[in-house]
Amino acid sequence: MALAAAHPGGGLLLASPVQAALRLLELLPSAAFWRAVGNSSLRIFGGFLLSCALAALLAALAAGRPWFRDLLAPPVAVVKAVPVASFIILALVWLDSRSLSLFISGLMVFPPVYLNVLEGLRRTDGKLLELARVYRIPLGRRIWGIYVPQVLPYFRSAASLALGLCWKAGAAAEVIGLPAGTIGERLYTAKVYLQTPDLFAWTAVILMLSAGFERLFLGVVDLLAGKAGR
Amino acid sequence: MEIRVEGLCKSYGGKAVLTNLTAVFRPGITCVAAPSGTGKTTLLRLLLGLERPDRGSIRGADCRWAAVFQEDRLLEDLPAAGNLRFALGEVPGEAEALLARLGLDLSDPKPVRVWSGGMKRRLALARALLAPSEALALDEPFTGLDGENRARCLELIRESGKGKPVLLATHDLTGLEDAPVVHLGGG
């Protein structure tokens, strides 16, 4: 790849890291750049957060209700197995392109978060729950003292995985749906006009956003874990 | 108040653990004595409402209990004060003095994970004694305690047991010679 980039005219097909970095520096001061970053982040991270909340809620309901767990098992298995491109094309029929990345990133986040939270809840220490029952500990304190410390490590590993997935799937949804003023639209334009420095610069932006949001979110989770039960 | 059990039977997987037990538990300490695996814990769990009897009746047990379980059942990542706050909602005013009598320090910031087995056992007992309750179920509360700590714990149990039934499951009746004993084992 480095050889291809170093070849005279090779930058057209494969930009060098320096070209990509320079292009990124050019993009940084423009309002359109930050608008694209803001729009994509809002939808993709929004989809992540909404999906996390829904997955945690449904896992809490499923933990004590085997029939509900069985009911959710097939759709969760389908979402896990079906290629994201199929969902994107199907979702385009029903949704406008602006909502697409929110929906698709949420869809990708749901299975790992739901399954991990469910597993954490199912492994909750039954002896501590008995203690809570005998001492008549209210639900809020049970959740904060028993369930949260038990589930957080499972949720943390799922969220770490899901954050990477949601950015990949969300960007793919934007490239296919082409909502105006998003990173996906910029990636598509770069591809059409063979602007490989742009392509690499935007890819680097996605990587940085994904890593940044992961650090931020996991930092909050760790803070919560430190306070759980106290 | 008194707790009365009549004709109590409980079995697990076809193996009878309690057979036709009839007993009355009045205010003060009542020892439940039996060799290991002969129904002490089962009886306490039935009284606490954690299990249902196969047959027989329990009267007077639908009250507010505090308990020391067979295991300490502490939140291992929290210090002593955090454990009391979790179980009781707040740290009672008398907690510091009671813990001090048990040789424990309420202000110790270390999580109980790093405490010795005996210290955890005493904290589990302190939690039960500090909890508002109408009856106490203590399942082998002296496990892992030396003679001196056992005597301290027993003294506090006696004080707390005034006016409410205290069921003390143990295989060692030392210091409890004056308490009524319900013998289990062998049906």
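Because only heavy atoms are used, hydrogens play no part in the values below, and waters and symmetry mates are left out as well, while side chains stay in.
For the pair A:L128 and B:L75, the tightest heavy-atom approach, listed with the atom from each and the gap, is CD1-CD2, 3.6 Å. Closest of all the heavy-atom pairs between B:A67 and A:V134 is CB-CG1, 4.1 Å.
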Margin query: As a quick check of understanding, evaluate side-chain contact (heavy atoms from CB on, under 4.5 Å) for A:R141 and B:R85, giving each step before the final call.
Written below: CA-CA 10 Å; A:R141 217 175 325 135; B:R85 206 172 292 122; over 6 Å; no

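B:F86 contributes atom CZ, which lies 8.0 Å from atom CZ of A:R142 (distance to the nearest 0.5 angstrom).
Proximity to chain A (any heavy atom under 4.5 Å) is shown, for B:A128, by both the backbone and the side chain.
The environment of CZ in A:R123 is sparse: at most 12 heavy-atom neighbours from other residues, nucleotides or ligands sit within 6.0 Å. Heavy-atom neighbours of B:E134 CD from other residues, nucleotides or ligands within 6.0 Å: above the threshold of 12. B:R150 CZ: more than 12 foreign heavy atoms inside a 6.0 Å radius. In this structure, A:F213 places its CZ atom where more than 12 heavy-atom neighbours from other residues, nucleotides or ligands lie under 6.0 Å away.
The shortest distance between side-chain heavy atoms of B:F69 and A:K127 does not fall below 4.5 Å. In this structure, the side chains of B:R127 and A:L131 come closer than 4.5 Å at one or more pairs of heavy atoms.
Interface check for chain A: of the options B:N83, B:L50, B:L48, B:L88, the most heavy-atom pairs under 4.5 Å are formed by B:L50.
A donor-acceptor pair under 3.5 Å links the side-chain atoms of A:R133 to the main chain of B:G49, judged by distance alone.
A cation-pi contact, defined as under 6.0 Å to the ring centre and within 45° of the axis, is absent between B:R64 and A:Y135.
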